[in-house]
A.B. asks: 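This is the structure, below, for whatever I ask next.
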Amino acid sequence: GGKSSLIRQTALIVLMAQVGSFVPARRARLSVVDAIYTRMGARDAISQGKSTFLIEMQEASLILQRATARSLVIMDELGRGTSTHDGTALAFATLRELVEGVRCLALFVTHYHLLCRLAQALP
């Protein structure tokens with residue numbers, strides 16, 4: 001437990017440091033980021049015909065399109081709204097693009113244990 005809280009706190013500390021505010025640390029060495037992107041939580045827009053899974057994929061797609069090598073990307077439990085096999089594939093493909101394509105700083109929380117083993121193959 002607490003993974004989501006930790007990555008939220010990390011994003012806030014990066015933002016606070018970037019604007020010159022106090023950060024709760026004895027010492028912090030952070031690079032400047034051009035944006036902080038997050039994909040967290042579950043929501044839907046059923047009245048507009050959008051499921052939780054669709055919104056999750058749209059948000060992830062937007063992040064992959066807009067993030068740069070200078071961005072901080074935080075993703076929490078991507079692919080949870082589908083089957084284990086499909087969710088693992090979607091989460092791994094997204095993580096791989098963040099690491100090899102975008103090459104940004106990313107915090108990626110997952111409940112897919114296989115993804116942790118697959119991620120070890122990434123640079």
Side-chain angles (χ1 to χ4, degrees):
K3 294 178 293 293
S4 298
S5 297
L6 177 66
I7 62 174
R8 275 190 191 104
Q9 179 182 9
T10 301
L12 286 171
I13 288 171
V14 168
L15 180 62
M16 290 167 58
Q18 190 152 320
V19 299
S21 183
F22 168 80
V23 294
R26 285 192 186 126
R27 201 169 103 188
R29 214 176 150 146
L30 304 168
S31 60
V32 174
V33 297
D34 62 4
I36 299 173
Y37 295 101
T38 62
R39 187 8 268 147
M40 298 181 77
R43 66 179 184 88
D44 63 40
I46 296 299
S47 63
Q48 298 171 0
K50 296 180 179 179
S51 67
T52 301
F53 178 69
L54 177 61
I55 289 176
E56 183 178 277
M57 292 297 102
Q58 287 175 330
E59 290 173 350
S61 174
L62 192 63
I63 290 169
L64 291 174
Q65 291 171 36
R66 293 187 177 172
T68 72
R70 308 263 318 155
S71 299
L72 170 61
V73 174
I74 293 175
M75 292 199 170
D76 188 12
E77 302 290 359
L78 186 69
R80 195 168 182 106
T82 189
S83 70
T84 300
H85 181 73
D86 291 343
T88 301
L90 289 166
F92 182 69
T94 302
L95 179 59
R96 180 177 225 155
E97 178 59 19
L98 289 171
V99 171
E100 295 179 346
V102 179
R103 301 178 60 93
C104 63
L105 176 60
L107 298 173
F108 201 95
V109 175
T110 185
H111 63 284
Y112 298 119
H113 300 290
L114 177 60
L115 187 62
C116 297
R117 287 189 301 225
L118 291 171
Q120 291 175 353
L122 296 174

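If you're wondering where the values come from, they're calculated on a predicted model, not measured in any experiment. Along the sequence shown, the residues carry numbers beginning at 1.
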A.B. asks: Treat each ILVMFWY residue as a node, draw an edge where side-chain heavy atoms are under 4.5 Å apart, and state whether L98 and V109 are in one component.
C.D. replies: no
A.B. asks: Is it true that L64 and L90 fall in one hydrophobic cluster, defined by side-chain heavy atoms closer than 4.5 Å?
C.D. replies: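 Yes: a chain of side-chain contacts under 4.5 Å links L64 to L90.
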A.B. asks: Indicate if L114 and F92 have the same hydrophobic cluster label, given that clusters are the connected sets of ILVMFWY residues with side-chain heavy-atom separations under 4.5 angstrom.
C.D. replies: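 Per the 4.5 Å side-chain linkage, L114 and F92 are co-clustered.
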A.B. asks: S61 and Q65: side-chain donor and acceptor closer than 3.5 Å?
C.D. replies: yes
A.B. asks: To the nearest 0.5 angstrom, please state how far the CD1 atom of I36 sits from the CD atom of Q18.
C.D. replies: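 Spacing of CD1 (I36) from CD (Q18) equals 6.5 Å.
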A.B. asks: Are V33 and V102 in one and the same hydrophobic cluster, where Ile, Leu, Val, Met, Phe, Trp and Tyr link if side-chain heavy atoms are under 4.5 Å apart?
C.D. replies: no
A.B. asks: Could you check whether any side-chain heavy atom of L30 comes within less than 4.5 Å of a side-chain heavy atom of I13, counting everything from C-beta outward?
C.D. replies: yes
A.B. asks: Ignoring hydrogens, what is the shortest heavy-atom contact between A28 and V23? Give both atom names and the distance.
C.D. replies: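 Closest heavy-atom pair between A28 and V23: CB-CG2, 4.1 Å.
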A.B. asks: Evaluate the side-chain proximity of L78 to F108: yes if any heavy-atom separation is below 4.5 Å, no if none is.
C.D. replies: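 F108 reaches L78 side chain to side chain.
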A.B. asks: Could you measure the distance from the CD atom of E77 to the NE2 atom of H111? Nearest 0.5 Å is fine.
C.D. replies: 5.5 Å
A.B. asks: Can you name the closest pair of heavy atoms from I63 and T38 and give their distance?
C.D. replies: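 It is CD1-O, 3.7 Å.
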A.B. asks: Can you give me the closest heavy-atom contact between I7 and M75, atom names plus distance?
C.D. replies: CD1-O, 4.3 Å
A.B. asks: If every non-hydrogen atom of A67 is compared with every non-hydrogen atom of V73, which pair is closest and at what distance?
C.D. replies: CB-CG2, 3.9 Å
A.B. asks: Return the NE2 to OG1 distance between H113 and T84, rounded to the nearest 0.5 Å.
C.D. replies: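 If we round to the nearest 0.5 Å, H113:NE2 and T84:OG1 are 10.0 Å apart.
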A.B. asks: Can a donor-acceptor pair be found, under 3.5 Å and without considering hydrogens, that links the side chain of R70 to the backbone of C104?
C.D. replies: no
A.B. asks: To the nearest 0.5 angstrom, please state how far the CG atom of L72 sits from the OH atom of Y37.
C.D. replies: 11.0 Å
A.B. asks: Can you see which heavy atom on Y112 is nearest to which on G79, and at what distance?
C.D. replies: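 What the structure gives for the nearest pair is OH-O, 2.5 Å.
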A.B. asks: Starting at NZ of K50, measure out to CD of E56 and round the result to the nearest 0.5 Å.
C.D. replies: 14.5 Å
A.B. asks: Kindly work out whether a path of hydrophobic side-chain contacts (I/L/V/M/F/W/Y, heavy atoms less than 4.5 Å apart) joins M40 to L105.
C.D. replies: yes
A.B. asks: Roughly how far, to the nearest 0.5 Å, is CG of L115 from OG1 of T110?
C.D. replies: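 Interatomic distance, T110 OG1 to L115 CG, rounded to 0.5 Å: 4.5 Å.
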A.B. asks: Does some side-chain heavy atom of D34 sit less than 4.5 Å from a side-chain heavy atom of S71?
C.D. replies: yes
